[in-house]
Amino acid sequence: MEICVCVKRVPMVGGSIAVTADGLDVDVTMSGFTVSPHEECAVEEAVQITERLGGGAGGPRGGGVTVLTLGPPEAAGQLRDMLALGASRGVLLQTDGAEWGSVATAAAIAAAVRDGGYELLLFGNEAADTGGYQVPVRVAHLLGLPCLTGIKRLEVGAEDGGGPRRIVAAREYRGAEEVFEVALPAVVSVKEGINLPRYPSLPGRLRAKRAVIETIEPSEPSFAPDGLRKERLRVPAGSGKRAQVLGSGTDAVPALVGLLDELGILS
Amino acid sequence: MTVLGVLETEPGGGAADASLRALAVAGALAASAGEDLAAAWFGPVGAVDRGGLAAAGVARGWAIGPDELSGYAPLAWARALAGLASAGSSGSAAGPPGGGGPVSAVVAAATDHGNEVLAHLGAITGLPMAANCVSATRTGPGECRLVRQRWAGSLLEDAVLEAPLALLTVATDAVEAPAAGGQDDGRSAAAGIGVERYEPELADGDLLVRAVESQQRRSGVSLASARVVVGGGRGVGGPEGFAALEELAGLLGAAVGVSRVVTSEGDPAHGRLPGRQDDRGDQHRRRSPDRRQGRLRGHRGPARGDPRAARGPTRAPGVTRRPGGGRLEEQAHHLGRVGQCPNCSGCVLAMPRQS
């Protein structure tokens with residue numbers, strides 16, 4: 001079974017995020033890069049599926065997990081991180097590092113995977129940095145595939161007499177579980193919590209270090225404006241507030257009750 | 001021109017709180033351009049309190065059918081909204097049935113449904129979509145100035161959206177619900193609201209993805225919709241420490257949320273993480289309780305450089321209230337700073353939203 005997982009290189013930030021002097025980007029002077037936790041879970045899910053179903057069956061490349069990203073040459077590092085987790089192939093849609101909008105990103109990804117023979121395209125539910133929530137859906141439209149988003153449980157059925165596999169996917173929504181069932185191929189975006197990503201093994205790291213990252217030019221060779229133009233980033237007001245220690249143990253109870261009442265929680 | 005707010009409805013009837021908050025942003029956008037505010041929902045005409053909508057400034061509404069659309073079907077919902085938004089625009093420019101003129105913006109809550117449906121709408125129309133907005137102002141024909149959340153609310157982005165039809169979702173924990181008018185005002189306004197049935201033309205493929213089953217949670221309050229969240233982290237000390245938090249949550253009608261450390265160590269009963277990457281939803285990460293307890297009592301989390309080391313701060317026990325003000329993860333972050341101090345382990349902490 002061929003699965004492609006799309007990931008995005010994002011700064012590795014802590015609790016507070018610094019912005020560059022021009023206000024256009026996150027200051028990464030003191031930080032590294034990673035992929036979104038949602039996407040890390042997507043890679044883990046893909047690896048688990050191929051482990052369960054035997055990834056060697058079918059597919060133009062004999063089955064397995066391809067990890068794809070659109071980003072600068074340095075994004076190959078994030079692809080290697082994902083290869084260390086068990087993915088078998090890394091593809092870099094190389095850009096000059098400019099921030100692509102969702103429409104252009106989806107177009108480039110769709111063009112890259114269109115003839116890949118993938119039964120399943122996995123994404124994180126949203127990118128950690130931009131929080132756009134739309135690239136998987138746009139890719140699905142461009143490829144004419146069904147799309148499921150926000151998935152927290154995914155079951156891939158066995159091949160059924162030459163017919164397409166079916167998947168059953170579920171997510172939590174407003175206290176209920178929504179269940180979807182569609183035939184593959186399909187696009188699915190998952191949320192962190194669908195699984196517990198493994199730590200990379202030493203053999204996995206060594207294999208990833210030696211792996212050849214396939215680098216290709218996106219079909220759209222340059223940044224294409226989407227109509228949504230970033231003017232500046234800023235830290236929200238009030239981010240410097242500090243917590244108030246009300247006390248310890250039962251001594252804190254009167255102050256806590258008073259505060260809960262003040263907040264209107266007791267009413 | 002008309003700004004169209006898309007409402008999600010509660011199972012028992014009425015508009016969801018998140019939708020009413022999104023409607024406040026939609027109303028501000030409409031007011032900035034002197035446009036009408038309208039609302040649309042999927043289901044029967046009576047699924048939403050028309051008086052409440054009138055009090056929120058809604059001039060007219062559309063109840064979208066047929067019955068097949070009552071169940072969640074994201075592509076079909078988006079197709080219906082596309083039809084509603086484009087009705088009349090190429091001919092008489094009269095807009096959707098009921099008047100008000102062509103639709104200039106579609107605004108929904110940034111929930112799983114809202115984001116998904118508007119993403120489909122963006123793909124159908126080929127237009128950009130801006131997610132997690134906290135404010136929107138019309139600055140010219142086809143141009144809006146936005147403030148939207150990035151990095152799960154840790155940053156704000158000032159942006160300009162240029163599109164003939166603005167597609168926006170609203171970060172609903174960052175905005176207040178519209179102030180309801182007095183009961184009399186609501187009733188009188190309700191009398192003037194026209195609600196029409198709108199039945200879109202759908203293709204078979206539009207219903208290919210639909211929720212085939214929806215199981216209600218057995219009990220308890222969902223973290224995603226809880227008005228109050230009682231949070232616990234490493235400072236709780238171990239699984240047994242959550243009993244007090246559960247009891248407090250039960251008394252307050254609240255949900256229990258936990259830090260990433262607790263979540264990552266996989267206690268199914270306490271696997272719900274408010275904040276950063278979970279877009280205010282629930283998380284369930286599973287690992288053996290023994291490992292979780294060990295992590296709580298000594299280990300500091302993933303090694304530096306490991307991708308999982310970037311998953312945000314540790315949070316100490318605290319009480320946060322939502323909605324009504326600041327961001328939950330922001331508050332949790334500051335609680336976390338205190339929680340990492342050994343002297344504070346077990347302290348009762350609180351961060352009022354507006355203090």
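Just so it is clear: chains get the letters A, B, ... in the order the sequence lines come, proteins before strands, and each one is counted from 1. The basis for the numbers below is simple: all heavy atoms, side chains too, and nothing from hydrogens, waters or symmetry mates.
Distance check: B:Leu251 CG to A:Leu260 CG gives 10.5 Å after rounding to the nearest 0.5 Å. Here the CZ atom belonging to A:Arg229 is positioned 7.5 Å from the CZ atom belonging to B:Arg145, to the nearest 0.5 angstrom. Taking OG of B:Ser154 as the reference point, atom CG of A:Asp129 lies at 12.0 Å (rounded to 0.5 Å). With values rounded to the nearest 0.5 angstrom, A:Lys230 atom NZ is found 5.0 Å from B:Arg150 atom CZ. For the atom pair CG of B:Leu155 and OG1 of A:Thr130, the computed distance is 12.0 Å after rounding to the nearest 0.5 Å. Remark: B:Glu116 CD to A:Gln134 CD distance equals 12.5 Å, nearest 0.5 Å.
Taking chain B as the reference chain and counting heavy-atom pairs below 4.5 Å, the highest number among A:Gly32, A:Gly132, A:Gly150 is found for A:Gly132. Here B:His113 is the residue among B:Arg148, B:Glu162, B:His113 with the most heavy-atom pairs under 4.5 Å with chain A. Ranked by non-hydrogen atom pairs under 4.5 Å with chain B, the options A:Val10, A:Val137, A:Val26 are led by A:Val137. Among A:Ala255, A:Ala186, A:Ala106, A:Cys147, the residue with the largest count of heavy-atom pairs under 4.5 Å with chain B is A:Cys147.
Residues that satisfy the side-chain hydrogen bond (donor to acceptor under 3.5 Å, both in side chains) test with A:Thr20, not counting sequence neighbours, are A:Asp22.
Checking side-chain atoms of A:Glu181 against main-chain N and O of B:Val212 turns up no donor-acceptor pair under 3.5 Å.
Ring geometry for A:Phe180 versus B:Tyr72: interplanar angle over 60°, hence perpendicular rather than tilted (30 to 60°).
Neither the backbone nor the side chain of A:Val253 comes within less than 4.5 Å of any heavy atom of chain B. Of the two parts of B:Leu118, neither the backbone nor the side chain holds a non-hydrogen atom closer than 4.5 Å to a non-hydrogen atom of chain A. Interface remark: B:Ala130 contributes backbone and side-chain atoms alike to the contact with chain A (heavy atom separation under 4.5 Å). For chain A, the nearby part of B:Leu127 is the backbone; its heavy atoms alone come within less than 4.5 Å. Of the atoms belonging to B:Glu143, not a single heavy atom falls under 4.5 Å from chain A.
Residue pairs that meet the salt bridge (Lys or Arg N to Asp or Glu O under 4.0 Å) test with at least one member in residues 131-140 of chain A, sequence neighbours left out, do not exist here.
Across every non-hydrogen atom of B:Gly153 and A:Pro236, the tightest pair is O-CG, 3.5 Å.
Side-chain contact between B:Asp112 and A:Thr149 is absent, with no heavy atoms from C-beta onward closer than 4.5 Å.
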For B:Val147 and A:Arg234, run side chain to side chain contact (heavy atoms under 4.5 Å, CB included): C-alpha distance rounded to whole Å, both residues' side-chain angles, the deciding distance at 0.1 Å, then the answer.
-> CA-CA 10 Å; B:Val147 178; A:Arg234 53 189 165 92; 3.6 Å; yes
Go through the steps to decide whether A:Tyr133 and B:Thr169 satisfy the test side chain to side chain contact (heavy atoms under 4.5 Å, CB included), and finish with yes or no.
-> CA-CA 10 Å; A:Tyr133 291 90; B:Thr169 65; 5.9 Å; no
